[in-house]
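Predicted model only: the values in this text are computed from it and were never measured.
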2 protein chains.
Amino acid sequence: MNSSRPVTIKDIARRFRCSPSTVSRALNDHPAINEDTRKNIQEYAKEVGYQRNEVSLSLLNKKTATLGVVVPTIGNYYETAVIEGLHTVLQPLGYTLNICVTNENYLLEKEYLSKLLSNRTEGIFLSVSQETYDSGYYEHLENVIQRKTPLIFIDREYEDFETSRATVDDYHGAFAAVEHLITIGYKNIAHLKGPNGLTVSEQRFKGYRDCLKKYGVSIREELIINTNFQVESAIVPTKRLLDLDSPPDAIFGVNDQVAIGAMRVILDRGLKIPGDIGIVGFDNSPISAYTYPSLTTISRPGRKIGMEASRLFLNQLNGSGDFVHENIVLPTELIIRESSLRIS
Amino acid sequence: MNSSRPVTIKDIARRFRCSPSTVSRALNDHPAINEDTRKNIQEYAKEVGYQRNEVSLSLLNKKTATLGVVVPTIGNYYETAVIEGLHTVLQPLGYTLNICVTNENYLLEKEYLSKLLSNRTEGIFLSVSQETYDSGYYEHLENVIQRKTPLIFIDREYEDFETSRATVDDYHGAFAAVEHLITIGYKNIAHLKGPNGLTVSEQRFKGYRDCLKKYGVSIREELIINTNFQVESAIVPTKRLLDLDSPPDAIFGVNDQVAIGAMRVILDRGLKIPGDIGIVGFDNSPISAYTYPSLTTISRPGRKIGMEASRLFLNQLNGSGDFVHENIVLPTELIIRESSLRIS
DNA sequence: AAAATTTTTTCAAACGTTTGCATTCGTTAT
DNA sequence: ATAACGAATGCAAACGTTTGAAAAAATTTT
């Protein structure tokens, strides 16, 4: 029933009592084909809904025009912005993006990479999963390198690979966030940190730490608590912060979600934002401008990252032997809104 | 440089002075292969990083184990939840999901569908784009049907196709939202509607309208204003609502984003939520529980939709001639939170 | 009408893999 | 020594398409 085989060039050839070559050339407007023949064949092809089998072409040309995008999640604004950026550049060039979501899972990531290679994907954009990062296994990446499939790291990266990378300057973004809080006059700045080990988390943490150092503020370990980027994961940590003998007067959240979660807990305690506690997030997600109070945050150019990553890929693809890998780091921007605007 | 051809079975065969058949069988643990031969070949294959060319296999078997997921956007919580649901069921079965984002664009949708067919995708999950819906063109879908590629509609649908569908019961969800507001005691309920023409928008609007009717509340056209689902798109409409001579005392937003935008505008005017104005959203996105005030909303089971859609696909795939298309409609649930909890 | 030329079509190989059937090789039984 | 057998391997075709070179057909020139 559902096994109505798609029409092939051979079918059409049989119908016109000619060779497949003729049909192929007719369909591709080859000049050496008789005008009538061409027209007849094209009409018939359209009529029966002929559609070129790209699989066979891929085999023949060793080109699949497919790129892999392997990301831990697509739930957040940032990732979808990156994908949009990739799409903007690569879709017009005829590439299909194969989006693979690893759910931070090492085995799934490994499987996806293997599959992408088997499917002769022409390039891979990778933001490694949390588990991969934790475990430190990276044989599955060796495989990609060995096959010389262009591999572009996005945000999360291994230090020890010779590849191109496109990352946001998380360090200076975080630094600017904390510096802003200090400038306003906040003294005890807590950090709701991302999961340990991830570049993103650690860079932002470093920015936080170094900024405090620069301003001669001693670091209080109890003001640094982990979250997992999700809004829920900020609830308990924030409560713990507020319950301290000497609670913080400002919180720097590793992203907007976490910052929003923290705000909610703070407001529930009857505290004022930014009066009692100042808040800064990270991402400049669309919602951050419309929370109550609106959220001061660090803008993270996801779309641009996607476009830069595309550029890196294209460079590598067209690159000669003396091609060198690039490491793009895009700047962030401090977006000041209500959640930190205490009159100092 | 980057043209180091992947190792093929033929290469291995040359190396061992045997035929490709032998190598193929050795790699696939065929019983008729000598134990030593098998071991040697397998070891060598691993050493040189041999990876089976799935493209050639696809051609041979006419199976690609690839499914297309064509959606207007992946920016919202709901869509990613759907994708997660699809993934949950289909990934373990060996399917690769090819996620295509149309950005509500007809031409892009058409191109993607054509490409998916050309690539011999074995099934397509489709949520049609706004433009497609508006224009009413659907030849690109005829093509899919003609080729008997299983096509499952998600949420947005054409009425006139013989296909399976998985949708959320938007109508009754909206109805319940408005009924809740009425029960609480709100009298003038506005609706920030989605874009005209989309099933999702229209169903929710109908639910809103019919609920008002049922309770004998006359519909005031000026209380119904369009948005585009984005948070920003709620700002101006909400201001317009508040500026009315007889402003509403409750707003039903077509989704959480819009509701959140509305809340922001209302709070900026110094009005109280839910005291002066009650708000209900739609989606139960993670953030909705943590806004201030937290948002009463309608939960929309995205993950479940994805899983149901997968089931529909599998049914159709394994179905016999007497297979009939299913039309799954999943129920919603009213999640009552602060934004509507006025003491009546 | 034959030769030269141009136009149009066909042939065959290639891409990488699998698989039914045939073949080869060594071993055992007669 | 030869037949019979089993184990291991090779052959060839197939999937659908493109493409250089060869062939055939149609047209023009002599």
Step through the shown structure and confirm whether more than 12 heavy atoms of other residues, nucleotides or ligands are within 6.0 Å of NZ on B:Lys110. no

Give the rounded distance in Å between these two atoms: [atom1] of [X] and [atom2] of [N].
X: A:Leu57; N: D:dT18; atom1: CG; atom2: P; value: 5 Å
X: A:Arg5; N: D:dT17; atom1: CZ; atom2: P; value: 10 Å
X: A:Asn40; N: C:dT8; atom1: CG; atom2: P; value: 14 Å
X: A:Asp29; N: D:dT19; atom1: CG; atom2: C1'; value: 16 Å
X: B:His30; N: C:dC21; atom1: NE2; atom2: P; value: 13 Å
X: A:Ile9; N: D:dC15; atom1: CD1; atom2: C1'; value: 13 Å
X: A:Asn119; N: C:dT17; atom1: CG; atom2: P; value: 13 Å
X: B:Asp36; N: D:dT9; atom1: CG; atom2: C1'; value: 15 Å

Base, sugar-phosphate, or nothing: which does [X] touch, judged by heavy atoms less than 4.0 Å apart?
X: A:Thr37; answer: sugar-phosphate
X: B:Phe16; answer: nothing
X: A:Arg38; answer: nothing
X: A:Leu60; answer: base
X: B:Thr8; answer: sugar-phosphate
X: A:Thr22; answer: base
X: B:Asn28; answer: sugar-phosphate

Would you please say whether a donor-acceptor pair under 3.5 Å links the side chains of [X] and [Y]?
X: B:Glu84; Y: A:Asn103; result: no
X: A:Ser129; Y: A:Glu104; result: no
X: B:Asn98; Y: B:Tyr112; result: no
X: B:Ser19; Y: B:Thr22; result: yes

Any donor-acceptor pair under 3.5 Å joining the side chain of [X] to the base of [N]?
X: A:Ser56; N: C:dC15; answer: no
X: A:Ser58; N: C:dC15; answer: no
X: B:Arg25; N: C:dG20; answer: yes

Test side chain to side chain contact (heavy atoms under 4.5 Å, CB included), reference A:Tyr95, set A:Thr66, A:Thr64, A:Leu90, output is A:Leu90

Which residue lies toward the 5' end of DNA chain D, B:Arg120 or B:Ala32, if each is placed at its nearest nucleotide? B:Ala32

Closest nucleotide of DNA chain D for B:Glu35 versus for B:Lys62: which of these residues is on the 5' side? B:Glu35

Are OP1 or OP2 of [N] and a side-chain N or O of [X] less than 4.0 angstrom apart?
X: B:Asn34; N: D:dA8; answer: yes
X: A:Arg52; N: D:dT18; answer: yes
X: A:Lys10; N: D:dC15; answer: yes

Any idea which of D:dT19, C:dT17, C:dC15 is nearest the A:Ser21 side chain? D:dT19

